[in-house]
There are 2 protein chains.
Amino acid sequence: MNAAHHHDAPKLSRNQSEILSCLRNSGEPLSAYAILDRVRKSGISHPPTVYRALNDLMKKGMVHRLESRSAFVACGHGACDGKFAFAICRACDKVVEILLADKDQALLLGLAPDEISPEQVTVEIAGLCNDCHPSRLA
Amino acid sequence: MNAAHHHDAPKLSRNQSEILSCLRNSGEPLSAYAILDRVRKSGISHPPTVYRALNDLMKKGMVHRLESRSAFVACGHGACDGKFAFAICRACDKVVEILLADKDQALLLGLAPDEISPEQVTVEIAGLCNDCHPSRLA
DNA sequence: ATGACCGATGATATAACATAACATCAGTAT
DNA sequence: ATACTGATGTTATGTTATATCATCGGTCAT
Ligand SMILES: [Zn+2]
Ligand SMILES: [Zn+2]
Ligand SMILES: [Zn+2]
Ligand SMILES: [Zn+2]
């Protein structure tokens with residue numbers, strides 16, 4: 001039932017495992033310092049330790065960074081390779097990771113002008129989730 | 001010769017004008033603190049002053065924020081309304097603002113899942129510009 | 001005019017996010 | 001045992017952003 005059972009889990013260091021678990025358990029985007037608060041009990045106590053693990057996990061595609069929030073989130077699919085977008089509720093910060101179809105990815109890269117050859121695309125869609133929608137109020 | 005002659009220029013406060021000019025003259029994305037350094041001679045001397053003006057200018061669509069760089073850039077088209085993307089050279093930080101066709105904008109908003117009604121989309125494409133491309137080296 | 005009001009700007013202080021640089025440790029090759 | 005190497009711990013600092021309160025300048029009722 002837990003992530004260690006997945007065949008696609010590369011070997012992670014203790015720090016990386018702790019921080020990935022933290023993000024998976026939280027279910028919401030967390031800042032590096034919010035992560036730090038939650039893993040102090042596990043013996044992680046300095047910002048660079050958190051940022052190092054986050055950078056490693058991002059390289060593996062298991063954690064993504066929400067640029068518009070300076071926050072980090074576990075990949076919604078275990079791991080993925082840059083072909084994703086995020087939808088984010090601006091009221092409650094709920095995040096949904098969207099896998100991009102190849103054609104959408106291609107379309108996005110195709111937006112780049114001639115003078116810049118595209119490598120990677122960041123897409124973050126802000127809006128309101130159903131729970132936060134005004135029509136749903138009281 | 002100055003911005004006040006443009007018909008599309010809404011009335012800006014002195015601070016807003018200074019900071020917009022600074023960004024337009026720089027031609028590259030600047031952090032809020034880089035802006036602050038450049039407008040000290042004009043009497044602007046505290047971060048909140050810069051951030052206030054930037055937020056006002058962003059509301060007017062005349063300045064955009066590069067989320068992936070925590071930097072600000074003057075709108076490449078005078079002003080625009082959320083229908084844009086950025087292409088950014090990861091080596092030299094050159095930025096090109098791309099106007100999105102309505103259909104592209106619609107496609108992007110359409111990526112949002114049912115549980116989040118989309119309002120605004122951020123697209124930042126990272127790559128290498130011609131000047132920084134390896135094939136062009138030496 | 002006077003003073004109440006109000007929105008814009010100035011200024012101080014601090015919060016939040018991120019990394020540079022160096023120390024220490026554990027594993028392994030010799 | 002010793003030297004090397006890569007990962008982790010630790011200190012210090014740099015960078016980005018905002019909360020809060022003070023002050024100023026114009027509007028308007030008296
Ligand atoms: Zn993912
Ligand atoms: Zn919500
Ligand atoms: Zn624009
Ligand atoms: Zn370049």
Side-chain angles (χ1 to χ4, degrees), chain A residues 9-23 26 28-60 62-74 86 88 90 93 95 122 124 126, chain B residues 9-23 26 28-60 62-74 86 88 90 93 95 122 124 126:
Chain A
K11 57 243 157 286
L12 298 179
S13 75
R14 203 194 71 93
N15 287 348
Q16 291 164 18
S17 299
E18 288 292 344
I19 283 167
L20 181 58
S21 298
C22 173
L23 278 173
S26 101
E28 61 178 0
L30 296 177
S31 74
Y33 280 76
I35 294 168
L36 180 56
D37 286 343
R38 294 172 189 222
V39 296
R40 274 187 203 284
K41 64 181 75 64
S42 313
I44 295 172
S45 44
H46 303 288
T49 304
V50 175
Y51 281 103
R52 275 201 282 245
L54 287 172
N55 286 335
D56 294 340
L57 290 165
M58 284 193 289
K59 274 184 204 141
K60 296 182 205 297
M62 305 175 79
V63 164
H64 308 310
R65 181 190 154 98
L66 280 172
E67 300 291 351
S68 61
R69 307 302 180 106
S70 297
F72 302 87
V73 63
F86 284 112
I88 308 162
R90 64 173 159 82
D93 284 356
V95 168
T122 299
E124 298 186 11
Chain B
K11 57 246 157 280
L12 299 178
S13 74
R14 203 194 71 92
N15 288 347
Q16 291 163 19
S17 299
E18 288 292 342
I19 283 167
L20 181 57
S21 299
C22 173
L23 278 173
S26 102
E28 61 178 2
L30 295 177
S31 75
Y33 281 76
I35 294 169
L36 180 55
D37 285 343
R38 294 172 189 223
V39 295
R40 274 187 203 284
K41 62 181 75 65
S42 312
I44 295 171
S45 44
H46 303 289
T49 305
V50 175
Y51 281 102
R52 275 200 283 244
L54 286 172
N55 286 334
D56 294 340
L57 290 165
M58 284 192 290
K59 275 185 204 141
K60 295 182 205 298
M62 304 175 79
V63 165
H64 309 310
R65 182 190 153 100
L66 280 172
E67 301 291 351
S68 60
R69 308 302 181 105
S70 297
F72 302 87
V73 62
F86 284 111
I88 308 162
R90 65 173 158 81
D93 283 356
V95 168
T122 298
E124 297 186 11

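Note on naming: letters A, B, ... go to the chains in the order of the sequence lines (proteins, then strands), and numbering restarts at 1 for each one. This is a predicted model, so every value here is computed, not measured.
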Any idea which heavy atoms bring [X] and [Y] closest together, and the distance?
X	Y	answer
A:K11	A:K60	O-NZ, 4.2 Å
B:F72	B:V63	CB-CG1, 4.2 Å
A:L57	A:Q16	CD1-O, 3.7 Å

Atom pairs, N/O to N/O, protein against nucleotides 17-19 of chain C, distance under 3.5 Å?
unit_1, atom_1, unit_2, atom_2, d
C:dC17, OP2, A:S31, OG, 3.4
C:dA18, OP1, A:R65, NH1, 2.4
C:dA18, OP1, A:R65, NH2, 2.8
C:dA18, OP2, A:Y51, OH, 3.0
C:dA18, O5', A:Y51, OH, 3.4
C:dA18, N7, A:Y33, OH, 2.8
C:dA18, N6, A:Y33, OH, 3.2

For a quick test of your reading: what N or O donor-acceptor pairs under 3.5 Å do the side chains of residues 32-54 of chain A make, sequence neighbours left out?
unit_1, atom_1, unit_2, atom_2, d
A:R40, NH1, A:S45, O, 3.4
A:K41, NZ, A:R38, O, 2.9
A:S42, OG, A:E18, OE1, 3.3

Grab the [atom1]-[atom2] distance between [X] and [N] for me, whole Å please.
X	N	atom1	atom2	value
B:L12	C:dA8	CG	C1'	14 Å
B:I44	C:dT12	CD1	C1'	18 Å
A:H46	C:dA21	NE2	P	19 Å

(message) Using a 4.0 Å cut-off on heavy atoms, which residues in residues 35-43 of chain B reach DNA chain C? List them by number, or say none.
(response) none
(request) Just jot down the side chain to side chain contact (heavy atoms under 4.5 Å, CB included) partners of B:S68, sequence neighbours excluded, or say none. (result) A:E67, B:I88, B:E124
Please list, chain by chain and in numerical order, all residues satisfying side-chain hydrogen bond (donor to acceptor under 3.5 Å, both in side chains) with [X], sequence neighbours excluded.
X	value
B:R90	A:E119
B:D93	B:R69
B:N15	none

(message) Regarding B:T49, tell me which of base, sugar-phosphate or nothing describes its non-hydrogen contacts under 4.0 Å with the strands shown.
(response) sugar-phosphate
(request) Tell me what B:R52 touches on the nucleic acid: a base, only sugar-phosphate, or nothing, going by heavy atoms under 4.0 Å. (result)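 If one applies the 4.0 Å heavy-atom cut-off, B:R52 turns out to touch a base.
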(message) Can you give me the first and the last nucleotide of DNA chain D (5' to 3') that has an atom within less than 4.0 angstrom of a non-hydrogen atom in chain A?
(response) D:dT8 to D:dT11
(request) Mind running side-chain contact (heavy atoms from CB on, under 4.5 Å) on B:H64 and B:M58 for me, showing each step along the way? (result) CA-CA 6 Å; B:H64 309 310; B:M58 284 192 290; 5.9 Å; no
(request) With rounding to the nearest 0.5 Å, note down the distance linking CG in A:L23 to CD in A:E28. (result)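 Those atoms lie 10.0 Å apart.
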(request) For side-chain contact (heavy atoms from CB on, under 4.5 Å), just list the numbers for B:M62 and B:L12, CA-CA rounded to whole Å, side-chain angles, deciding distance to a tenth of an Å, and then say yes or no. (result) CA-CA 11 Å; B:M62 304 175 79; B:L12 299 178; 4.2 Å; yes
